[in-house]
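Beneath this line is the structure, given in structure tokens, with notes to follow.
Computed from a predicted structure; not experimentally measured.
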Amino acid sequence: EETDIDPDRKEVSRNVFYDEGLRAYVYRVGSAEIGINVPDGAVVQQKVKLTVPDGLPVTVTRDGQDVTQELANGFSEQGKYAVIFAPGEKDETALSFTIVNELTGTISSYRLPAGFQLLSLTYNGQAENVNTRVIDFEKEGKYTVEYCCVATGMRYMLNLTIDHTPPTLK
């Protein structure tokens, strides 16, 4: 068991580290480590890349469809993703993330990832005074969510325009 503390790594939450060298969150699955450029549970507007060790079985789904074959290129299509490592084994571990466009009606709330805190929230340009880990997107309009990783101080920004109105069919 390694007891050396890697100076490039900061603990974000239990069994989760941010590795400055890899610029990735590292999750432990049994004795293996997976790197991902966004934290588990994140809602993002960027390409998501995973680093999976050879020999570790993994399944990736987008909105329930198997998209594991896209693993090498990363994921950029919008949808809800689940990444299951060692499926069916005792070490089975699942991570998730959601990729959204700036204009979306697909999410109604956002629970900040473990080890993260909300810095600011604006709704239609007005600062909202909330101290929460769960942000509600029920009301249509423009949201700006700024949050940070407590361990690293890294800041993240999410700009969304929520539109729950279905398109009118002509």
Side-chain angles (χ1 to χ4, degrees), residues 1-3 5-6 8-118 132-138 143 145 147-152 154-160 162 164:
E1 186 68 19
E2 296 249 2
T3 53
I5 298 201
D6 184 335
D8 277 354
R9 288 199 170 179
K10 294 193 168 72
E11 190 166 4
V12 175
S13 59
R14 191 166 168 266
N15 285 334
V16 182
F17 299 87
Y18 184 79
D19 189 307
E20 304 267 345
L22 295 174
R23 288 204 162 107
Y25 292 89
V26 176
Y27 292 82
R28 288 222 173 100
V29 178
S31 60
E33 292 189 337
I34 291 97
I36 180 171
N37 65 331
V38 300
D40 181 28
V43 174
V44 297
Q45 291 160 324
Q46 72 197 58
K47 185 173 204 169
V48 175
K49 288 188 153 313
L50 287 157
T51 310
V52 180
D54 291 340
L56 179 68
V58 60
T59 302
V60 183
T61 62
R62 177 177 55 240
D63 298 329
Q65 302 294 312
D66 191 324
V67 291
T68 308
Q69 74 281 359
E70 296 174 26
L71 194 59
N73 300 322
F75 302 96
S76 50
E77 228 178 280
Q78 66 170 356
K80 286 188 190 312
Y81 289 78
V83 185
I84 300 115
F85 301 100
E89 297 175 28
K90 72 171 177 54
D91 286 337
E92 178 175 293
T93 304
L95 302 178
S96 67
F97 57 90
T98 303
I99 298 176
V100 294
N101 291 336
E102 187 167 335
L103 175 63
T104 184
T106 60
I107 56 172
S108 54
S109 69
Y110 179 26
R111 174 179 291 280
L112 294 181
F116 286 72
Q117 73 181 39
L118 183 65
T132 180
R133 290 208 40 240
V134 182
I135 299 144
D136 185 351
F137 295 126
E138 290 296 328
Y143 291 84
V145 182
Y147 59 103
C148 75
C149 173
V150 177
T152 65
M154 285 177 29
R155 290 172 171 245
Y156 294 84
M157 176 108 42
L158 184 62
N159 289 302
L160 294 174
I162 302 293
H164 296 299

- [ ] For ring-ring contact (aromatic ring centres under 6.0 Å, His included), just list the numbers for Y156 and F116, CA-CA rounded to whole Å, side-chain angles, deciding distance to a tenth of an Å, and then say yes or no.
- [x] CA-CA 10 Å; Y156 294 84; F116 286 72; 5.8 Å; yes
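- Rounded to the nearest 0.5 Å, atoms CG (L158) and CD (E102) are 9.0 Å apart.
- By the side-chain contact (heavy atoms from CB on, under 4.5 Å) test, A32 pairs with P53, L56, sequence neighbours left out.
- Residues passing the side-chain hydrogen bond (donor to acceptor under 3.5 Å, both in side chains) test with D136, sequence neighbours excluded: none.
- The backbone N or O of V60 sits less than 3.5 Å from a side-chain atom of T68, completing a donor-acceptor pair.
- Annotation: the span from Y147 atom OH to Y110 atom OH amounts to 3.0 Å, rounded to 0.5 Å.
- Without hydrogens or angle criteria, D40 side chain to S96 main chain gives a donor-acceptor distance under 3.5 Å.
- In this structure, N101 contributes its side chain and L103 its backbone to no donor-acceptor pair below 3.5 Å.
- Counting heavy atoms from C-beta outward, F137 and V43 have side chains that stay 4.5 Å or more apart.
- The main-chain N or O of V150 is never found under 3.5 Å from a side-chain atom of Q117 such that the two would form a donor-acceptor pair.
- Not one N or O on the side chain of E33 forms a donor-acceptor pair closer than 3.5 Å with the backbone of V26.
- Residue-environment remark: CZ (R23) stays at or below the threshold of 12 foreign heavy atoms within 6.0 Å.
- The ring pair (Phe, Tyr, Trp, His ring centres under 6.0 Å) contacts involving residues 55-83 comprise F75-Y81, Y81-F97, where partners must be two or more places apart or lie in separate chains.
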